[in-house]
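Worksheet: the structure to be examined is printed underneath.
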Amino acid sequence: MTSVEDMRHMARALRLAREGLYTTDPNPRVGCVITHDGEVVGEGWHERAGAPHAEINALAAAGERARGATVYVTLEPCSHTGRTPPCADALIKAGVARVVAAMTDPNPQVAGDGVARLQEAGIDIEVGLMAAQAAALNPGYVQRMQKGRPWVRIKLGASLDGRTAMASGESKWITGAAARADVQDLRARSSAIITGVGTVLADDPSLSVRLPGVARQPLRVVVDGNLSMPESAKMLGDDGAVLVVTANDDVDYTERLRRTGAEVLFLAAGPGAIDVPALMSHLSEREVNEIMVEAGATLSGSLLAAGIVDELVLYFAPNIMGSDARGMFKLPGLDDLSQRIELKIIDVRAVGDDWRVIARVNHKTVDAAVD
């Protein structure tokens, strides 16, 4: 039966899991706490793919005191051999008495098998404590396992009247330094960043993570229907991986881009048009969990209309840019309000002088709009 003590230790395990927010990709962020007679004897979290899982690190810290102990873990202990051996077997061997897991693992290779293995060994197992909080730590991992596609969030900086650039394309800087620093956190947790070739041509961004102590760089994906990606683009000159997705099968230009270190993927849905569902499937197969879109109104609007956007992160600056400036999303006009795309705002807060709004997309209304 769940107690206040159980909730306290699971809350601690969730905080530990957040330590791997930038590093565990493509694995889930997981934390673990081990207690014996009410005393914490071991803690751990999963630090990076290929390294020991949270339970193994916590068991190593607990040592012999793990025997007869209670284990709090934010995700069902794995039961298969992947990059590391099964954690369920390690818990059984250590002689723990009870395991409290926040949620079952949506990975089909586990999906309740870890729970079953612990039960068969006579270990008391409970699942569901703070499940929502645990799932919120891993939206991309959960969605990729359940639906076969990554979690997609669009980031936009805009004026209070919803403008993202002047008519000329000038956009540096609408938002302030604090908002731009906040974006670095979003990049660091992302598996991939998607932008359009128009943004590359206009701004030549690197789209890299510039946070002290964070070495992992997300995959940069450039949607380039007509294959106009410049060979001199800044992002092609660094150590991060770049994927150019195109509908143009120009073999010579493709080979020239590949010599710069870029990967080129042909996914056509028509002349100059990218097959977006195929791109999502491709990225899912590459174990991409979370995607951040940093693009202009055309690509952002296309992805939103296609029904693949899950979350919007909008930074509003305290200024007005006027009706001639560029908007946030290029979308077809609506005949009536029933066609609008509905959102659920989950967080609003000040970031420096700007305001950040995080909203989830109601996919039912997106499907209706696309139809």
Side-chain angles (χ1 to χ4, degrees), residues 26 139-141 143-156 190-202 205 207 218-231 233 235-236 240-258 260-312 328-332 339 341 361-371:
Y141 175 79
Q143 180 152 285
R144 180 166 64 85
M145 292 300 170
Q146 292 180 339
K147 299 182 180 179
R149 70 170 183 85
W151 181 268
V152 179
R153 60 171 60 91
I154 291 179
K155 183 279 298 181
L156 286 171
S190 300
S191 313
I193 298 173
I194 291 182
T195 194
V197 72
T199 298
V200 176
L201 293 170
L207 298 181
L219 171 70
R220 276 81 53 82
V221 181
V222 180
V223 175
D224 182 8
N226 293 311
L227 204 57
S228 53
M229 178 77 174
E231 298 167 65
M235 70 175 67
L236 296 177
V242 176
L243 172 66
V244 178
V245 185
T246 185
N248 186 333
D249 59 358
D250 185 327
V251 175
D252 290 338
Y253 200 82
T254 295
E255 184 56 34
R256 283 159 55 189
L257 280 177
R258 285 176 175 151
T260 70
E263 181 183 352
V264 181
L265 178 65
F266 180 77
L267 287 178
I274 298 299
D275 187 335
V276 173
L279 173 58
M280 292 300 112
S281 295
H282 173 82
L283 293 175
S284 181
E285 290 169 2
R286 291 177 73 137
E287 297 186 299
V288 167
N289 290 330
E290 296 182 28
I291 293 173
M292 184 161 122
V293 179
E294 295 195 55
T298 299
L299 180 56
S300 296
S302 296
L303 296 175
L304 188 59
I308 63 121
V309 176
D310 301 291
E311 185 175 89
L312 304 177
M328 301 172 74
F329 302 100
K330 186 176 180 180
L331 291 165
Q339 296 175 299
I341 296 172
V361 178
N362 181 343
H363 282 291
K364 291 182 180 179
T365 64
V366 173
D367 294 340
V370 172
D371 292 342

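Formation of a donor-acceptor pair under 3.5 Å by the T246 side chain with backbone atoms of D224 is found in this model. With hydrogens and angles disregarded, no donor-acceptor distance shorter than 3.5 Å links the side chain of D275 to the backbone of A269.
What you find for A233 and V200 is that their closest heavy atoms are CB-CG1, 4.1 Å. Contact record, N289 with P26: ND2-O, 2.8 Å, taken as the closest heavy-atom pair. Across every non-hydrogen atom of L201 and P230, the tightest pair is CD2-CD, 3.8 Å. Across all their heavy atoms, M280 and V152 have their closest contact at SD-CG2, 4.0 Å. The two atoms that bring T195 and L299 nearest to each other are C-CD2, 3.6 Å, heavy atoms only. Heavy-atom minimum distance, Q143 versus W151: NE2-CA, 3.7 Å.
Taking NE2 of H282 as the start and CG of L267 as the end, the distance is 7.0 Å to the nearest 0.5 Å. To the nearest 0.5 angstrom, S190 atom OG is 11.0 Å from K155 atom NZ. Atom CD of E263 sits about 13.0 Å away from atom CZ of R220, to the nearest 0.5 Å. Between the CG atom of L304 and the CE atom of M328 there is a distance of 10.0 Å, given to the nearest 0.5 Å. Taking CG of L303 as the reference point, atom CD1 of I291 lies at 9.0 Å (rounded to 0.5 Å). The CG atom of L243 lies 9.0 Å from the CD1 atom of I194; values are rounded to the nearest 0.5 Å.
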Would you sort out whether D310 and E290 count as a side chain to side chain contact (heavy atoms under 4.5 Å, CB included), showing the intermediate values? CA-CA 10 Å; D310 301 291; E290 296 182 28; over 6 Å; no
Can you list the steps and then say if F329 with I154 is a side chain to side chain contact (heavy atoms under 4.5 Å, CB included)? CA-CA 11 Å; F329 302 100; I154 291 179; 4.1 Å; yes
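In this structure, the side chains of M235 and M229 come closer than 4.5 Å at one or more pairs of heavy atoms. No side-chain heavy atom of V244 sits under 4.5 Å from any side-chain heavy atom of T254. Counting heavy atoms from C-beta outward, E231 and L257 have side chains that approach closer than 4.5 Å. Counting only heavy atoms from C-beta outward, the side chains of S302 and V276 never approach each other to under 4.5 Å. At least one side-chain heavy atom of L219 sits under 4.5 Å from a side-chain heavy atom of L283.
A salt bridge does not link R256 with D250: none of the charged nitrogens is closer than 4.0 Å to a carboxylate oxygen.
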